[in-house]
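Here's the structure we're looking at; comments come further down.
Just so it is clear, the model here is predicted, and its values are computed rather than measured.
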Amino acid sequence: MSSTQTHAEILSEAIHALYGTWDAERALAALFGAGYRPADVATGKKRARQVLRELADAGVIVKVSARPVEYRRTDS
């Protein structure tokens, strides 16, 4: 069994630990802190947005604004 966490698991843990609103930049910073090294910032933000959408689809977070896109925990 591998101990490597997925990006969604990493971000979910960060969101539950740190509260507040989350956008692509904050999500990328959390992923970067966990060792994710994208080819460039644009690629990193794209991946962060994708993971945020996945977490929203799973009910972990909810979108609180469309422009700029921001999410928050479902239990906060």
Original post:
Going through the distances and angles, do Arg47 and Gln50 end up as a side-chain hydrogen bond (donor to acceptor under 3.5 Å, both in side chains)?
Top reply: CA-CA 5 Å; Arg47 178 65 184 140; Gln50 180 183 16; 2.9 Å; yes
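- Val51 and Val64 fall into different hydrophobic clusters, where Ile, Leu, Val, Met, Phe, Trp and Tyr residues are linked whenever their side-chain heavy atoms come under 4.5 Å apart, directly or through other members.
- Between Ser12 and Val60 the shortest side-chain heavy-atom distance falls below 4.5 Å.
- Separating the CZ atom in Arg72 from the OG1 atom in Thr21 is a distance of 10.5 Å, to the nearest 0.5 Å.
- For the atom pair CD of Glu54 and CZ of Arg49, the computed distance is 13.0 Å after rounding to the nearest 0.5 Å.
- Once rounded to the nearest 0.5 Å, the distance linking CG of Leu55 with CD1 of Ile15 reads 5.5 Å.
- The minimum heavy-atom distance between Ala48 and Ala27, with the atom names listed, is CB-CB, 3.8 Å.
- Looking at Arg37 and Phe32, their side chains come closer than 4.5 Å, going by heavy atoms from C-beta outward.
- Put simply, CG on Leu11 and CD on Gln5 are 11.0 Å apart, with the number rounded to the nearest 0.5 Å.
- Of the possible donor and acceptor atoms, one in the side chain of Arg73 sits under 3.5 Å from a partner among the backbone N and O of His16.
- For the atom pair CD of Glu70 and CD1 of Ile61, the computed distance is 11.5 Å after rounding to the nearest 0.5 Å.
- Rounded to the nearest 0.5 angstrom, Lys46 NZ and Leu28 CG are separated by 14.0 Å.
- Across every non-hydrogen atom of Ile10 and Ala30, the tightest pair is CG2-O, 4.3 Å.
- In terms of the side-chain contact (heavy atoms from CB on, under 4.5 Å) criterion, residue partners of Lys63 (sequence neighbours excluded) are, by chain and number, Val69, Tyr71.
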